[in-house]
Amino acid sequence: MTLRIENLVTSGTFSLDGGTWDVDNNVWIVGDDQSVIVIDPAHEPARISDAVAGRTVKAILLTHGHDDHIRAVGEFRELVDAPVYLNPDDRMLWDTVYPDSSPDHEIADGDTFEVAGATLVALHTPGHSPGSTCFHLESEGVLFSGDTLFNGGPGATGRSHSDFATIIESIRSRLLTLPAETVVNTGHGDPTSIGAEAPQLDEWIARGH
Ligand SMILES: [Fe+2]
C-alpha cells in the first residue's frame with residue numbers, strides 16, 4: 001500500500017519550571033491502510049485513536065519528553081495497544097509525568113523503524129532537551145523535527161535541561177547536512193524545509209535563540 005503522512009493539530013497545555021502555557025501540537029501519523037507509526041500523540045488521545053481508525057500502531061515515537069508531547073501518551077498507549085519509544089536522556093522528564101510507569105523501549109541514535117515499506121531513522125539531536133530526537137523518512141524526503149527545528153529557527157532553549165550551543169550544534173551537524181529539499185514537519189506550527197532554514201543559521205547564533 002502507498003505510504004502517506006497524516007497531520008493532526010491538537011490543543012492543550014505545556015508546563016515546565018512552574019509555568020503553564022496553552023499550546024497546539026502537531027501529531028504525525030505515518031503509514032498505510034494496514035499499519036502506522038504515530039509520532040508525538042499529544043493532548044487528545046481519543047481523537048488521535050479515531051484517526052488511526054483501527055490500523056495497527058507499530059510504534060509510538062516520542063521526539064522528546066516535554067509534557068505537552070507526552071501527557072496523553074499513557075492513555076493513547078492503552079487505546080491502541082502499542083509500544084512507546086523515548087530516548088533515555090529524557091527519562092527525567094517522563095518521570096515527572098509518569099512516576100509509576102516506563103516507556104516500553106529506549107531510542108538510540110541510528111535506530112530504525114519500519115512502516116509501510118519505508119524506514120524512519122532516529123537522529124539524536126540534543127539541545128531543546130537532552131534526549132531530543134528527530135526522525136528521518138529518507139525515501140519521502142521528510143524529517144520529523146519535534147521541537148529541535150521550527151519554521152524560523154531552533155526550538156526553545158531558555159528553560160531547564162535545554163542548551164542553546166548544543167541545539168545549534170545538533171542542527172548544524174545532523175539536520176542542515178540533509179538534502180536541501182527535505183521537508184521538515186515540526187512539533188508545533190507550519191512545516192518548513194532544510195533549504196529554507198539553512199541560510200539563517202548565522203542569524204540564530206547572533207541573536208542567541
Ligand atoms: Fe518541547
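All ligand and atom numbering here is 1-based and tracks the order in the structure. If you're wondering where the values come from, they're calculated on a predicted model, not measured in any experiment.
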Got a sec: is H64 within less than 2.8 Å of the Fe ion (ligand 1) via an N/O/S atom?
yes
Counting backbone and side-chain atoms alike, is an N, O or S atom of D68 positioned under 2.8 Å from the Fe ion (ligand 1)?
no
Listed partners of D104 passing salt bridge (Lys or Arg N to Asp or Glu O under 4.0 Å), at least two apart
R77
Can you label the angle between the Y98 ring and the W94 ring as parallel, tilted or perpendicular, going by 30° and 60°?
tilted
How far does OG1 of T166 sit from CZ of F164, to the nearest 0.5 angstrom?
10.5 Å
Need one value: angle at the Fe ion (ligand 1), D147 atom OD2 versus H128 atom NE2, rounded to 10 degrees.
90°
Gap separating the NE2 atom of H188 from the CZ atom of F150, nearest 0.5 angstrom:
4.5 Å
Atom name of the N, O or S atom of H66 nearest to the Fe ion (ligand 1) is ND1
